[in-house]
Amino acid sequence: MESNLKEVAETALADVCEYRNALLLEADELKEESIAQDRSSNEGERQTPSFPYYKMNVRGWCMEWIMKGCFIAGFVKKGPAGAKRRGDGSYGFWGSYMYVEMFSVWQGKEVLEDVVLYRAADALEKRVAMETWGFIHFMVSMCFSVLLLSETCMASIQSIGKINPGFQGSQMTYIDNNGLFLVSNNSHFAFGFTTTTQDVTLFLLVVIHMDSKTTVWTANRGSPIQNSDNFMFDESGNAFLESGASVVWSTNTTGKGVSAMELQDSGNLVLLGNDSRAIWQTFSNPTDTLLSNQDFVEGMKLVSNPSPNNLSYFLEIKSGDMILYAGFQTPQAYWSMGKENRRTINQDGGVVSLASLNANSWRFYDSTKVLLWQFIFSDNSDSNATWVAVLGSDGFITFNNLQNGGTSVASPNKIPDNPCGTPEPCDAYYVCSGNTRCQCPSVLSSASCKTGIVSPCDPSKGSTELVNAGDGLNYFALGFVPPSAKADLNGCKASCVGNCSCLALFFENSSGNCFLFDQIGSLQSPDKGSDFVSYIKISSNGSNSMSPGGSSQKHFPLVLIIAISTEDMHLRPSMTKVVQMLEGTCAVPQPPTSSELESYLKSITEEGTSQTSYCNSNAHLSAVQLSGPR
């Protein structure tokens, strides 16, 4: 009997676990309804829980399994026969009934429920066997053995501070703890799974700040996983994340003497050796975020999430300076701390090799930890505040205070401070001005602002030509990248025309610096005193990329000819002058206003004469003098 009952119970429990995950989403509403019903019942009476249950008959026995919970423990309350409910809330035997109390888990909360195991009417005569203590012992053993057989249906238990090799877990197994399986001792940070912003059915392995729900480190940004995929911390000391049969992330610490994984109160996730030495840590492998007191040294990188145009941004310490750059095929820098006018210089000279957030400032040190510069990003100087610097997908670095018990608070200071100072405040080739106003240059079609170039180095895709984009235009990378050459304007243009990869050039008249770029982001509106001339390549296989009023190397003015009825032939310009105007070698006068035309007609009617202007004189020919033959 016992073996058959156990076998069927195991099968039933497996079914319960299979349905449990699907039904868990409805649990809160049903739970509240059930609790309300239970509270309304009399103290001496007991109602069967009202939410869905799984029922099976085993040799006259009926076992009700509450579907909405996940059982983690079970024991029989021993009491004298005939007792209903005792003062301590326990139950004993009453007639043909036996009660077993179990804990069930509701979205991470433990709720004590009573599960009734009762005997069917056709087995009432066998109550003696039921009430023997041997059978009670069997029921207790069965509950524990069956419940322990199914890990999926076990409530998860978060580890505090550390976990040891041999650990594994998935988002599904820790769903009742929101996917988080390791919590720091101060409970400010946790390590585990969270959903992606694009798809709630895909998951990332992260370290998060608990109160603000801010992700401060991510293992698998480019490779989200399913809820059944496992994080493994194996006996060899390697930590890795599986996606199906593949490994999408790993610490690569096999055989390096790792003895434990620790989530420190600072938010640093560390693999420790036997001597408590850090063998691997997230502080040395950042993603897009730096935490307070996290050393950022030469050789590390912050990498943003990709922008909508699939462009990523990078922060590094290089050549004694901290720089931001866009991840084009040829990287383009757009900010450096060495050229930041808001920094405080503590000591001239020195080479920056380390940076760290400390209270409300970003501090920059040399290799001997001598403080060289500071960047004060907030007026809040609380030394206990947890600040983070985040490199966003828009190319800006923002500073946020992760307050315990609330959301993060952002500092108004950003890097860079110019809203047009990043590569993509507008789309490529648009001119950014003011508060990120975007306008297409007149040389391109305002409808698409595209150059029409498909593949610049493939002649079969069409030919290109170099056109003037405008004088005084600026570009975010100028001042942060070295010039491509020293030349005059014609030499700079020839260099770009002769290099199929060159899509744009900027020439500085005063210095002769020539800058060539193989990819282009947003342009910037002209600065006062800007000495740059800019040219861009466009497709010459049609006019779809050119604006109706745009221009390239050739100009064909539209000349308005107004015929004036007069016999005074000297009022008419010669055909030579007309041709010069058409060719653009002679200035074309602006059309007169209606009042000017009326005044002129009145004057020639009354006086019969008019002053003649020629192209080689200082005065422009007035439009009314372009009166061709009648």
Side-chain angles (χ1 to χ4, degrees), residues 194-200 202 204 206 214-224 248 285-290 296 300-316 318 322-337 340 388-400 408 410-441 444 448-451 453-454 456 473-481 501 503-504 517-525 536:
T194 187
T195 60
T196 63
T197 56
Q198 297 84 6
D199 188 343
V200 296
L202 297 177
L204 301 173
V206 301
T214 300
T215 297
V216 298
W217 181 84
T218 309
N220 59 317
R221 279 194 297 179
S223 305
V248 296
N285 297 272
T287 48
D288 61 356
T289 302
L290 294 174
F296 186 68
M300 293 183 186
K301 286 183 183 180
L302 285 193
V303 184
S304 74
N305 283 310
S307 72
N309 293 325
N310 203 32
L311 180 65
S312 294
Y313 301 97
F314 298 81
L315 179 72
E316 284 191 74
K318 281 186 176 181
M322 177 181 280
I323 62 170
L324 274 172
Y325 61 91
F328 290 121
Q329 184 175 352
T330 301
Q332 297 179 20
Y334 60 96
W335 174 88
S336 76
M337 184 56 76
E340 174 58 64
V388 292
V390 182
L391 178 55
S393 61
D394 57 0
F396 287 98
I397 295 177
T398 56
F399 300 91
N400 300 281
S408 63
S411 164
N413 293 309
K414 289 184 177 183
I415 291 176
D417 61 343
N418 180 2
C420 293
T422 59
E424 294 182 311
C426 306
D427 284 337
Y429 294 100
Y430 279 89
V431 179
C432 177
S433 61
N435 191 17
T436 60
R437 288 180 58 249
C438 303
Q439 185 174 5
C440 187
L444 297 176
S448 63
C449 208
K450 303 293 185 183
T451 63
I453 296 176
V454 177
L473 285 178
N474 208 341
Y475 189 57
F476 65 82
L478 299 176
F480 300 102
V481 297
S501 296
L503 295 181
F517 295 99
D518 57 5
Q519 283 180 278
I520 285 291
S522 298
L523 305 175
Q524 295 176 350
S525 60
I536 59 176

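Nothing here was measured: the structure is a model prediction, and the numbers come from that model.
- Looking at Tyr475, its side chain does come within 3.5 Å of a backbone N or O of Gly521 through a donor-acceptor pair.
- Of all the heavy atoms in Met300 and Glu316, the pair that sits closest is O-CG, 3.7 Å.
- Side chains of Leu302 and Phe314 form no contact here, defined as non-hydrogen atoms less than 4.5 Å apart.
- No side-chain donor from either of Asp518 and Gln329 sits under 3.5 Å from a side-chain acceptor of the other.
- Rounding to the nearest 0.5 Å gives a distance of 12.5 Å between CD1 of Ile323 and CE of Met337.
- At least one donor-acceptor pair under 3.5 Å links the side chain of Ser304 to the backbone N or O of Tyr313.
- When atom types are taken as modelled, the side chain of Gln332 and the backbone of Val481 share no donor-acceptor pair closer than 3.5 angstrom.
- Counting heavy atoms from C-beta outward, Val431 and Leu473 have side chains that approach closer than 4.5 Å.
- In this structure, the side chains of Tyr334 and Thr422 come closer than 4.5 Å at one or more pairs of heavy atoms.
- In this structure, Lys318 is positioned above the aromatic face of Tyr325, its NZ or CZ under 6.0 Å from the six-membered ring centre and within 45° of the axis.
- Annotation: the span from Phe399 atom CZ to Asn413 atom CG amounts to 8.0 Å, rounded to 0.5 Å.
- Taking CG of Asn474 as the start and OG of Ser433 as the end, the distance is 12.5 Å to the nearest 0.5 Å.
- Rounding to the nearest 0.5 angstrom, the gap separating the CG atom in Asp417 from the CZ atom in Phe396 is 9.0 Å.
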Discussion item. For Phe480 and Ser336: C-alpha separation, side-chain torsions, deciding distance, then whether side-chain contact (heavy atoms from CB on, under 4.5 Å) applies.
Written reply: CA-CA 8 Å; Phe480 300 102; Ser336 76; 4.1 Å; yes
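- In this structure, CG in Leu202 is found 10.0 Å from CG in Asn220, a value given to the nearest 0.5 Å.
- Under the 4.5 Å side-chain criterion, counting only non-hydrogen atoms from C-beta, Pro441 is in contact with Cys449.
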Practice prompt. Apply side-chain contact (heavy atoms from CB on, under 4.5 Å) to Ile453 and Leu503, showing your working.
Written response: CA-CA 9 Å; Ile453 296 176; Leu503 295 181; 4.3 Å; yes
Discussion item. Is there a side-chain contact (heavy atoms from CB on, under 4.5 Å) between Trp335 and Ile415? Walk through the geometry before answering.
Written reply: CA-CA 8 Å; Trp335 174 88; Ile415 291 176; 3.2 Å; yes
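- Proximity of a side-chain donor or acceptor of Asn309 to a complementary backbone N or O of Leu311 within less than 3.5 Å is not detected.
- Under the 3.5 Å distance criterion, the side-chain polar atoms of Thr215 are left unmatched by any main-chain donor or acceptor of Trp217.
- Residues Thr287 and Asn305 form no side-chain contact, since every pair of their non-hydrogen atoms from C-beta on lies 4.5 Å or further apart.
- Looking at Leu391 and Ile397, their side chains come closer than 4.5 Å, going by heavy atoms from C-beta outward.
- One finds the OG1 atom of Thr451 at 10.5 Å from the CD1 atom of Ile520 (value rounded to the nearest 0.5 Å).
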Worksheet item: Does the side-chain contact (heavy atoms from CB on, under 4.5 Å) test come out yes or no for Met322 and Leu315, once each step is laid out?
Response: CA-CA 7 Å; Met322 177 181 280; Leu315 179 72; 3.5 Å; yes
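- Residues Pro416 and Gly395 come closest through the heavy atom pair CD-O, 4.4 Å.
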Practice prompt. Kindly determine whether Cys438 and Cys432 satisfy disulfide bond (SG atoms under 2.5 Å apart), including the steps that lead there.
Written response: CA-CA 5 Å; Cys438 303; Cys432 177; 5.4 Å; no
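- Within the 4.5 Å cutoff, the side chain of Gln524 has heavy atoms near those of the Phe476 side chain.
- When all heavy atoms of Ser393 and Ser307 are compared, the closest pair comes out as O-CB, 3.3 Å.
- Listed for the Thr218 side chain is no donor-acceptor partner under 3.5 Å among the backbone atoms of Arg221.
- Remark: side-chain polar atoms of Ser522 are paired, donor with acceptor, to backbone N or O of Cys426 under 3.5 angstrom.
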